Amino acid sequence: MEMETRYNPKIVEDRWHAQWEKNNDFAPSGKGEPFSVVIPPPNVTGALHLGHALNDTLQDILVRYRRKTGRDTLWIPGTDHAGIATQAVVEKRLFQDEHKTRHDIGRDALVERIWKWKDEYEARITKQLKSLGVSCDWSRQRFTLDPVCAKAVRHAFFNLFKKGLIYRGKRLVNWDTKLQTAVADDEIYYETVKGHFWTFKYPLADGSGFIPVSTTRPETIMGDTALAVHPNDERYKQFIGKMLKVPFVNREIPVIADAILVDMEFGTGSVKVTPAHDPNDYATGLRHKLPMINIMNDDGSLNENAGPFQGMKGQAARDAVVKGLEDLGLLIKVEDHEMQVGHSDRSKTVIEPYLSDQWFVKMDVLADNAMNAVTSGEIKIIPERYANKYLDWLKEKRDWCISRQLWWGHRIPIWHADETTTEEDLNKAFAGRNDIYYYKAQNGIWLICSEEENLKEDAVAGHKIVQEEDVLDTWFSSGLWPHSTMGWPEQTDTLKKYYPTSVLVTSRDIITLWVARMVLFSQENMGTVPFHTVYIHPKILDGNGMTMSKSKGNGVDPMDIEKKYGTDALRFVMASLCTDNQDVRLPVKKEKQEDGSVINTSEKFEIGRNFSNKLWNACRFLFPHLEQAGALSKDILPMDPALFALEDRWILSRLNSTIQDATKMLEEFHFAELAGFLYRFVWDDVCSSYLEIKKAVINSETLTAEKKNAMAILSHVLRGVIDLLHPVMPFITEELNATLFPGSERVINSAWPKADTSLIDAKIEAAFNQAFAVVESVRGVRGRYNVSPATKLKAVVSVDDAATEANVKDCQAIITELGGLESFSVAVKAAKPKFSASSVVPGGELYIPLEGILDPAAEIARLEKEIEKAKAFAASIEKKLSNQKFVNGAPEAVVNAERTKLATQREIIAKDEAALKDLR
RNA sequence: GGACGAUUAGCUCAGCUGGUUCAGAGCGUCUGCCUUACAAGCAGAAUGUCAGCGGUUCGAAUCCGUUAUCGUCCACCA
């Protein structure tokens, strides 16, 4: 068998996708302590982007790691119906393709179309996730709108309703006049809009004068129910309590005093109060028990309360009102004014504050509990700083508006009885039903909440009941995700075993919207928190610090990267980007593909590809030698410690340190450091150092005892590397394992390595590093004189004492092999050969004869430069040491370290000066 | 306006409890190599007022204050 000269991800990935699936490796083993994770469900709005790739790679790293440590691992996948976002996309498509609105085709037809969209995108998302190699248990895939989740939603709603934690009320909401639904605060973005500031006269009802008032929204005048002034404002004090007449509609409204709403210094110091169309005015209305007059229809046009302006909309209405004020002689002035205007994220239209009937969840107690979970430490948020965000948001305890006037979502399980329905009717109809609960609303109408999905219109004899049209906010169902995915409210085996989940991995922008909701719902429904650890990972931005998005055209498709660099490469780079930072920049560039298409990619991913290839080639190099040694087997070739050379002990020390480090980094969610440790171990320690040192031994044609032992050591090291790297790079590790150790257990299931700390030896690592310093000096000479690596050099090391001589002799193989030497000698105070280049090394000096090549002038220049540098360094240390405060104040070890440093610099100076003398 | 974060090599980022990991890594640049695993590679080299200012300290990239710039979130602008 021959291994290919380059790692070919495509073939390998296909093979292992199939193998894992065939062997059902992603399902829980049923053995060991449970470890469970629920995926943050991607929206079915569109395809996955790089942020998802990061999120899911990190989860998979954790899941694969835990699986290998013997935990009974379950990762539940799924997608989110993403109410408004998805409906908006489909409506937009409908309009583009057929010039129809949802009202043209009706609720059922629209919902049907959205399901089609969902099926398409869910399939695409699933394909992307699988392609990424994430080890979710696909047999348990959920969708927030599927029957299992729907049942959980109805049950949760029912319980909250019964407890009085859900209520219906008139509230000012953010109204999207295009989509004709309430939207959440976080679905709004603000844009600076150039507008005007109109000042006009508000006439007193008794005709005795007027009060000047300014507004940016004159069209709301007809909804005014008061005019507010500051109680301490001398200009207006006299008017407080008097009545004003609203222009156009001739209603009388009072002048009220309100210190909260009014800033005396601003504008005219008076504010018209329109409680039904402005949040601050709304609050003022509540404080003063003012009437709230809605002057708007669902589509944003003015209604019958707007008098002569009924039917007008937006700018036209505004212009007409201004014109009207002018005609009445009430307009005083118009100024330009810039303001921040809320726009709907989904429809891009201006948001209208709008008074309407909505459903709410009472937050006070729920929020308290959710805060306690974090303040008590029951839930740990990593990095810690994000806990503040969570707590600050919950602290406000704002009731949660859960109704949306959409068609795509969980329909609110409430039925409205007709006016003539009585309690007796309901008692009779629902006798003995504990899945039905009803109560009488303020308006005298009975509201029936049912866990049963399809309550019939005639369920109450002689009356008609009608289901609520509204659907629930998306976050209502995603808030149930950790337990709904496990089958709650049924007490399933899954729920009993795998709930609560072990860790939640998500990004910071949904800490409040999602994480907080899951916590409070879980506490309410399950009596416990949904997870004990929340890990917040950074957000990926492009090279200019902009968030990636389709509209900006700077998004990177994970599948493009997988195709170009390999999935393991993508995953490795995702992990190495994942520092403690809140944002990570990824410079993006456009690249034309062979088929003519243009993709967004990034050079950053080359690191991952190159790393895969490096590992691949190291194994390819060793393959025939392992075969010769009989190590190509699931059975372990035993090592003989009696034959260990320094480099053997060194690589085993490094391996075990790396096991220790990698394990720690995984436990602490330090993914970038994990990737760094593994990269350096494989590339620097194994490939650049160990393999190069052992090259002569490895390449020997006969299987010497030394070679056999090296193969035993290397197969041990490679097994370690394969296991350690598997969570990050699952495909290549499985492939290498199957190639090098045929018949052995798949890496996905093999045990996570345990560090043998007795093999970690700082002394050996120090000795090795000293040898390496000599090697670097030899290479430095080579570089200076452009001596080809093919040219073998002679080297002489002169050491200061016998002890150093012994140490250097121990490292002879290392120095000879890595330095590319044909001969090497070491002696105390060895003589410098003629025409030698020299280098100071720890404890001595290195001489390399270069007759015919040596350029004395260049050597002199180099030495002078080195001396100068050493002198400057020495001077700074001397200064430090002559400072009595430092010598007395600093710990002795620090002072001694400085003295050693000084001695080293002085030695370098002395040796270089001697070498200089020799050359002149 | 409030909260949080960032500012270190041309780029992307490490640098945790002040002192040998203290000024680092990868990419890029420059020099030389098709050395029998890897040119997706190997060996060298260059590159920094650690954003500015002030303070604490024997000693500051690191701690404190402050200024500037950038980012994110929250609140708000009649």
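By convention in this document, chain letters (A, B, ...) are assigned in the order of the sequence lines, proteins followed by strands, and residues within each chain are numbered from 1. Since the model is a prediction, treat every value here as computed from it, not as a measurement.
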What's [X] touching, base or sugar-phosphate or nothing? Going by heavy atoms closer than 4.0 Å.
X	answer
A:R609	base
A:G543	sugar-phosphate
A:V213	nothing
A:W683	sugar-phosphate
A:C619	nothing
A:D583	sugar-phosphate
A:D281	nothing
A:K589	nothing

| said: Let's go through A:Y202 and A:F200 carefully: what are the C-alpha distance in whole Å and the side-chain angles of both, what is the deciding distance for ring pair (Phe, Tyr, Trp, His ring centres under 6.0 Å) to 0.1 Å, and is it a yes or a no? | reply: CA-CA 6 Å; A:Y202 227 118; A:F200 66 96; 5.6 Å; yes
Please list, chain by chain and in numerical order, all residues satisfying side-chain contact (heavy atoms from CB on, under 4.5 Å) with [X], sequence neighbours excluded.
X	value
A:T601	A:I561, A:K564, A:Y565, A:K589, A:E591, A:I599
A:L391	A:M371, A:V374, A:T375
A:K792	A:E822

Restricting to salt bridge (charged side-chain N to carboxylate O under 4.0 Å, His left out), what partner residues turn up for [X], sequence neighbours left out?
X	answer
A:K563	none
A:R680	none
A:K272	A:D224

Ignoring hydrogens and angles, does a donor from either the side chain of [X] or the base of [N] sit under 3.5 Å from an acceptor on the other?
X	N	answer
A:R6	B:A40	yes
A:E692	B:A37	yes
A:K389	B:C4	no

Between atom [atom1] in [X] and atom [atom2] in [N], what is the gap in whole Å?
X	N	atom1	atom2	result
A:L902	B:G19	CG	C1'	16 Å
A:L54	B:U12	CG	P	18 Å
A:E384	B:G5	CD	C1'	15 Å
A:R782	B:G44	CZ	P	11 Å
A:N174	B:C76	CG	P	10 Å
A:E668	B:U17	CD	P	14 Å
A:K901	B:G59	NZ	C1'	11 Å
A:L577	B:C13	CG	P	8 Å

If the [atom1] atom of [N] is compared with that of [M], how far apart are they to the nearest Å?
N	M	atom1	answer
B:A75	B:U8	P	31 Å
B:A6	B:C63	P	10 Å
B:G48	B:C22	C1'	13 Å
B:U57	B:C64	P	16 Å
B:C16	B:A61	C1'	14 Å
B:C50	B:U7	P	14 Å

| task | Kindly indicate, with the supporting measurements, whether the criterion side-chain contact (heavy atoms from CB on, under 4.5 Å) is fulfilled by A:L714 and A:Y690. | result | CA-CA 9 Å; A:L714 276 163; A:Y690 191 72; 3.7 Å; yes
| For RNA chain B, the residues among residues 567-576 of chain A that have a non-hydrogen atom under 4.0 Å from it | none
| Partner set under side-chain hydrogen bond (donor to acceptor under 3.5 Å, both in side chains) for A:E667, not counting sequence neighbours | A:Y65, A:R66
| field | Residues which pass side-chain hydrogen bond (donor to acceptor under 3.5 Å, both in side chains) with A:E606, listed by chain and number, not counting sequence neighbours | value | none
Of all the nucleotides listed ([options]), which has the minimum atom distance to the side chain of [X]?
X	options	result
A:R398	B:G44, B:U12, B:C74	B:C74
A:T579	B:C38, B:C13, B:C11	B:C13
A:V584	B:C42, B:C13, B:C38	B:C13
A:F886	B:U72, B:C58, B:A14	B:C58
A:K885	B:C11, B:G71, B:C58	B:C58

| query | Which glycosidic conformation, syn or anti, is assigned to B:U66 if syn requires a torsion within 90° of zero? | reply | anti
| Syn or anti conformation of B:U21, syn meaning chi within 90° of 0 | syn
| Would you call A:R654 and A:D685 a salt bridge, using N to O less than 4.0 angstrom? | yes
| query | Where each pair must be Watson-Crick or G-U wobble with both distances under 3.5 Å, what dot-bracket representation of RNA chain B is obtained, with crossing pairs in [ ] and other-strand partners as |? | reply | (((((((..((((.....[....)))).(((((.......))))).....(((((..]....))))))))))))....
| field | Position toward the 5' end of RNA chain B (nearest nucleotide), A:P9 or A:N388 | value | A:N388
| said: Assuming nearest nucleotide by heavy-atom distance, tell me which of A:W393 and A:F611 is located more 5' along RNA chain B. | reply: A:F611
Return a table of donor-acceptor pairs under 3.5 angstrom between the side chains of residues 609-622 of chain A and protein atoms on other chains or two or more places apart.
unit_1	atom_1	unit_2	atom_2	d
A:S612	OG	A:G608	O	2.8
A:N613	OD1	A:Y7	N	3.1
A:N613	OD1	A:N617	ND2	3.4
A:W616	NE1	A:E4	O	2.7
A:N617	OD1	A:R620	NE	3.0
A:N617	OD1	A:R620	NH2	3.3
A:N617	ND2	A:T5	O	3.2
A:N617	ND2	A:N613	O	3.2

| request: Kindly indicate whether the side chain of A:Q770, heavy atoms from C-beta on, has any atom under 4.5 Å from the side chain of A:V841. | output: no
| task | Would you indicate whether the side-chain heavy atoms of A:N8 and A:M3 approach each other to under 4.5 Å? | result | no
| Per-nucleotide protein contact string for nucleotides 21-36 of chain B, where B marks a base within reach and S marks sugar-phosphate only (heavy atoms under 4.0 Å, - for neither) | -----S-----SS-B-
| message | Assess the residue pair A:F772 and A:F768 against the criterion (ring pair (Phe, Tyr, Trp, His ring centres under 6.0 Å)); give the C-alpha distance rounded to whole Å, side-chain angles, the decisive distance to 0.1 Å, and a yes or no. | response | CA-CA 6 Å; A:F772 220 89; A:F768 186 90; 5.7 Å; yes
